[in-house]
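Both backbone and side-chain heavy atoms feed into the values below; hydrogens, waters and symmetry mates do not. Just so it is clear: chains get the letters A, B, ... in the order the sequence lines come, proteins before strands, and each one is counted from 1.
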Amino acid sequence: MANKVSVDISHRGPNGSIKGGESCPSCKELLTSEELESNLRVCHHCGHHLRVSARQRVAQLADEGTWNELAPHLRSADPLEFFDVRLYGDRIDEAESETGLNEAIVTGTARIHKMDVVLAVMEFGFMGGSMGSVVGEKFWRAAEAAIENRYPLLVFSASGGARMQEGILSLLQMAKTTCAVELLGEARIPFVSVLTHPTTGGVLASFATLADVIVAEPGSLLCFSGPRVIEQTIKEKLPEDFGRAESNMAHGQVDIIIPRNELKDRLVQILGMLEGGVACALEPLWEEKARPAGRGGAFAEALDRVKAIANAPWRAFKGRDREDQ
Amino acid sequence: MANKVSVDISHRGPNGSIKGGESCPSCKELLTSEELESNLRVCHHCGHHLRVSARQRVAQLADEGTWNELAPHLRSADPLEFFDVRLYGDRIDEAESETGLNEAIVTGTARIHKMDVVLAVMEFGFMGGSMGSVVGEKFWRAAEAAIENRYPLLVFSASGGARMQEGILSLLQMAKTTCAVELLGEARIPFVSVLTHPTTGGVLASFATLADVIVAEPGSLLCFSGPRVIEQTIKEKLPEDFGRAESNMAHGQVDIIIPRNELKDRLVQILGMLEGGVACALEPLWEEKARPAGRGGAFAEALDRVKAIANAPWRAFKGRDREDQ
Amino acid sequence: MPTLPGVHLKDEIAKISNRLMELGRGRQPDKASWEKVELARHPKRPYTLDYIEHMFPGFIELKGDRLFADDPAIVGGLAAYQGRTIMVIGHQKGRDLPSRTYRNFGMPKPEGYRKAQRLMRLADKFHIPVLTLVDTPGAFPGVAAEERGQGSAIATSLMCMAKLQVPTVAVIIGEGGSGGALALALADRVMMLENSIYSVITPEACAAILWRDSSEAQQAATSLKLTSADLEELEVVDEVLPEPRGGAHKDYAGAARILKEALEDSLRELETVSPLQRKKERFEKYRRMGVWREEGLTLF
Amino acid sequence: MPTLPGVHLKDEIAKISNRLMELGRGRQPDKASWEKVELARHPKRPYTLDYIEHMFPGFIELKGDRLFADDPAIVGGLAAYQGRTIMVIGHQKGRDLPSRTYRNFGMPKPEGYRKAQRLMRLADKFHIPVLTLVDTPGAFPGVAAEERGQGSAIATSLMCMAKLQVPTVAVIIGEGGSGGALALALADRVMMLENSIYSVITPEACAAILWRDSSEAQQAATSLKLTSADLEELEVVDEVLPEPRGGAHKDYAGAARILKEALEDSLRELETVSPLQRKKERFEKYRRMGVWREEGLTLF
Ligand SMILES: [Zn+2]
Ligand SMILES: [Zn+2]
């Protein structure tokens, strides 16, 4: 199931412009690639957190050589034969060559400070991090892997919303990923969601906000409806801090904002503490048969379900030429 | 356990002043006792709902001759030997003679439109409907009776809050009644709460708002902190509609406001519909042994607990001269 | 065969063949799709409370999320139904200007979704099946709604429906608009009225984004595949319910009768299995949602 | 012997004997009670975050109710603790004017209680014991707080604590003010620091209502029986924790050490029983709360 792929962060930034340097989107200072890389792509002038590509994120977090990509061969089909001014397939091809990824999410197992996790990272550079069938399916498989291996699930989201070119199937990924989160919950697998800039629409309104602990990166835009849509509705310009992580936290929607340089340590700490509770419950001090608890009854049940589902015949996409699975 | 007591509404109103008539507190029109009684103590000029005593409430709701009072002998002790400008015992005596009740709540079984229920009605005339140990204990026993008989629980609240003269023991009744509601919930016994004027403080902040369906009478004042306390805090006069049932409903705190002349019919309808779901679930169409559902596992469990608790040695109050129970 | 980054012969062939197909298809927008959009939004189309009136005479509306407010853009409550009880929850639009404003044009705020969740949990507690009626342009896009967690409210609504032990039936009766519609439609059975639509985005917004021209809405409506027939083909809905002649707006009672029969059939079927099995099947269904390919398979 | 309405010989005798007692007792307010009130409110008394700092170095604060706001008057989060995890939740006062304003003088709004509930449910999910630290004059009495359901927020907080499967320990560390305090104190073990108070109403408010004179607060403090010694006698708290010499405000580290030891003892004890048994014992405990008489028993 897993497939070793080495992490390569050298050749592409999130918008393909890493060669030489970039100017900080906030303070406009020029930052060299070296400065950026050494400081985890945080501006050392103003502290602005620049966008990080999925592969860079994996490199920042995973212990050297521990990344195993999951479901690396999943790619988009064109179930609606969608046409607008361009072909969906052309858009996919372009996104692939710009990002070096074949979808808007990469998933894998990794160790972070020696802790085994399932890690899923969205790539905003891939069609705006939009969630289509492949994002949903990869998320599901990542959740499955977390349950099967009993690893916690750590998800970094960055998304403009739904993949319009997959129409209603794109919308339904919200339901699908929610069901995956419910399975995680029944198995008592810790799930931590890190909201990065920007996380909006259907991703914010499904798995990203259903985690046990919701972390945000400083300054990230987090909203369901985009600022432009809201401005059209209220016919006013929005305040600068609209929908930012800090505002979201004040409004009770985010547990904790963690600057990028502390992220790795703090995430391991949080995951460890959630695991810590479960670990203790695995060997209870009491004897009496209590209701299903922890990784006893509920876990076994959730696992059975997942397995039953995994054995179910997958729905075929149109025109496939041989059985997958 | 139950004790037949006939319902007598003739001699006393909520403030002992029913002889002859009253003027409507809202429109100031004079209303004769006959008018009031025939219209369920609703002003036929302006629709204002005048306060109803506990006994009047029982008479308005219970089918003729079906009321069986529960725990009629429970009365307040004076555990703190509380003293202020008057003795607690004197206050109790006065409240008893003013209301003809021996506490701020009466509980019993009754039939309402032929539906068996456990009915608990608070009496604001009894020391402002304050909740002391007896109110808590009578509520608990009412919940027990509901579970044991599998009758739904219908509670009318009217309270100024805690019974200060019982100090911390009064506060703890909030915890006690909450535990009783949790037992009802585990047994899947429908619990409908009717908030009447006024319901405030510890009663609002415990069982009264923990019901499956929260009903309010029109115009009732429903708030945790009293208007005077809030006015002192914000140093402003409150708007007329502050904390009223209608405002509470707009703010999402109340399910439904029912005028008194529809109350009996609607309550039976609501209780019946909640019961209806459970009744169907009692005889499921499926065969497989599912998780404990309805009045199967969860109910049996809740009942066991209640029984175990009922057999526990009651805490003695100071100076009692023989075993109760 | 390498995965990334990918330009492969097979892909190229597929791409060219797609381009050729594209020339032949869709340059004229499919008028039928736009017609459905207009019917779904017809100002006289029956709304949730119209169906409730015709289907459940003893309906008792229950209001409020017990947190912040009652949202009139979603209504819900208990109904007696063939000697048993059902919880009915649906989006509610207004018909004239005051009621449209009051109902916020059927666009719920977080408190609407939280009310729905509260009522669903109540139903679950008492083993009462849940029927949802879906009819919204989408969740309300406003600053305060965002601040109160519009995204989270929709997500928890989905989660709530995923968790339910009771049978759940959702019917798209008008506009099934995006996440704001789906939030009430994660159900064991999802049905659409013939002239309703269900889409990830409004055709207008889609056209504005992809064509940069909202007058291309008719084209977008065709591309999005949002009609009941499209969705049945995509296996997103389980059944399409035919409407009375001329559309539901011509015969409220007739439309309600059709809906009621479909509900009865669905519940009869759903109640033959255990809650656990029902939930499992619900998960299997949503797990199958989506179309993807794995490497080595050709594009079609 | 008839019950209602009651003037009986036995009662009369009791009444007279009470009156006689009253003449002898309490006309001088008990200075000791008022001293405790002042110590419990001492401006240098350690608050929740002070205890957390000394007890749990790796504390991670988690904010927000996921509904409306984060309430700084209640703080909560995860802490590592002897190789395991604990959820710590407590009221938080401020120490200078800006922080007092920010913390709203330790008076929570509904969002504070709802945050606490969210964190408790999270703890329950992962079998993490819950420690609550209680220190508030009471829930905030404000119009908006009322509108967002202050009463309901406290009630659901109580219900949440009643439901928990994990061990729960509550410690009154300062002011245990009314329902706003109890909302975090429905626990398996309830302890009080020696110089804390726990009362159904503030002495000032009690005096204003009963004596119609708030300067009688000292008298009210005595009558209310709000000191740790009173509450231990009334069996409302399980244990009184002695404070370092001169009071907790003289030695934060010492006070934290005492609290930590008491927590460890409590958890060790609570974890020897099953969740079900623990919950049952919790219910039995609260079911016993209160003092009443049944007819036929004399007044004392
Ligand atoms: Zn900068
Ligand atoms: Zn009047």
Side-chain angles (χ1 to χ4, degrees), chain A residues 72-77 79-80 82-85 87 89 96-97 100-102 133-134 136-137 140 162 164 167-176 178-179 181-182 202 204-206 209-210 223-225 229-230 233-234 242-243 251 253 305 308-309 312 314-315 317-322 324, chain C residues 3-7 14-15 18-19 21-22 25-26 139 141-143 146-152 154-156 158-159 162-163 178-179 182 186 198-201 206 209-211 220 223-226 231 234-236 280 283-284 286-300:
Chain A
H73 305 307
L74 277 184
R75 295 170 75 192
S76 288
L80 269 56
F82 196 89
F83 57 98
D84 55 276
V85 293
L87 283 179
E96 283 183 356
S97 63
L101 301 176
N102 47 13
S133 299
V134 176
E137 178 64 14
W140 186 286
M164 273 177 290
I168 197 75
L169 293 176
S170 161
L171 184 68
L172 267 294
Q173 302 313 307
M174 292 169 66
K176 179 172 178 171
T178 297
C179 288
V181 175
E182 165 67 357
L204 189 84
S206 62
T209 49
L210 291 172
C223 54
F224 178 63
S225 299
V229 175
I230 297 174
T233 308
I234 63 170
F242 168 78
H251 285 105
Q253 307 299 329
R305 275 188 216 181
I309 292 169
W314 298 133
R315 175 172 175 190
F317 62 84
K318 289 178 192 169
R320 68 178 179 182
D321 62 0
R322 62 178 171 91
D324 44 13
Chain C
T3 327
L4 334 166
V7 179
K15 231 180 277 174
N18 268 4
R19 283 229 173 82
M21 280 171 68
E22 202 244 352
R25 79 189 178 184
V143 176
E146 290 288 337
E147 288 176 344
R148 291 199 296 277
Q150 189 68 282
S152 165
I154 291 171
T156 50
L158 290 168
M159 180 57 98
K163 276 181 190 287
S178 190
L182 177 66
L186 194 165
Y198 192 11
S199 176
V200 67
I201 187 169
C206 181
I209 297 169
L210 293 182
W211 281 263
S223 292
L224 283 166
K225 303 219 160 137
L226 45 61
L231 270 80
L234 288 164
E235 293 175 40
V236 166
K280 196 170 148 185
F283 275 55
E284 284 170 3
Y286 284 99
R287 196 263 186 264
R288 282 193 299 270
M289 287 289 168
V291 176
W292 58 85
R293 59 197 168 105
E294 305 223 31
E295 209 212 354
L297 305 177
T298 53
L299 283 166
F300 55 96

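No donor-acceptor pair under 3.5 Å is formed between the side chain of Ser133(A) and the backbone N or O of Gly290(C). Judged by distance alone, the side chain of Glu146(C) and the main-chain N or O of Phe224(A) form a donor-acceptor pair under 3.5 Å.
Both the backbone and the side chain of Ser178(C) come within contact range of chain A, judged by heavy atoms closer than 4.5 Å. Interface residue Leu210(C): backbone and side-chain heavy atoms are both found under 4.5 Å from chain A. Only the side chain of Ile201(C) comes within less than 4.5 Å of a heavy atom in chain A; its backbone stays farther off. Of the two parts of Leu226(C), neither the backbone nor the side chain holds a non-hydrogen atom closer than 4.5 Å to a non-hydrogen atom of chain A.
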Begin with the C-alpha distance, continue with both residues' side-chain angles, and end with the deciding distance and a verdict on side chain to side chain contact (heavy atoms under 4.5 Å, CB included) for Ile168(A) and Leu234(C).
-> CA-CA 9 Å; Ile168(A) 197 75; Leu234(C) 288 164; 3.8 Å; yes
CA sep, side-chain torsions, deciding dist, call: Val134(A), Arg293(C), side chain to side chain contact (heavy atoms under 4.5 Å, CB included) = CA-CA 8 Å; Val134(A) 176; Arg293(C) 59 197 168 105; over 6 Å; no
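Ring-plane geometry between Phe82(A) and Trp211(C) is classed as tilted, the angle between the planes lying from 30 to 60 degrees on a 0 to 90 degree scale.
Two residues are said to be in side-chain contact when any heavy atoms from C-beta on lie closer than 4.5 Å; Arg288(C) and Lys176(A) fail this criterion.
Not counting sequence neighbours, Ser152(C) has no partner by the side chain to side chain donor-acceptor pair (under 3.5 Å) test. Remark: Thr156(C) pairs with Gln117(C) by the side chain to side chain donor-acceptor pair (under 3.5 Å) rule, at least two apart or across chains.
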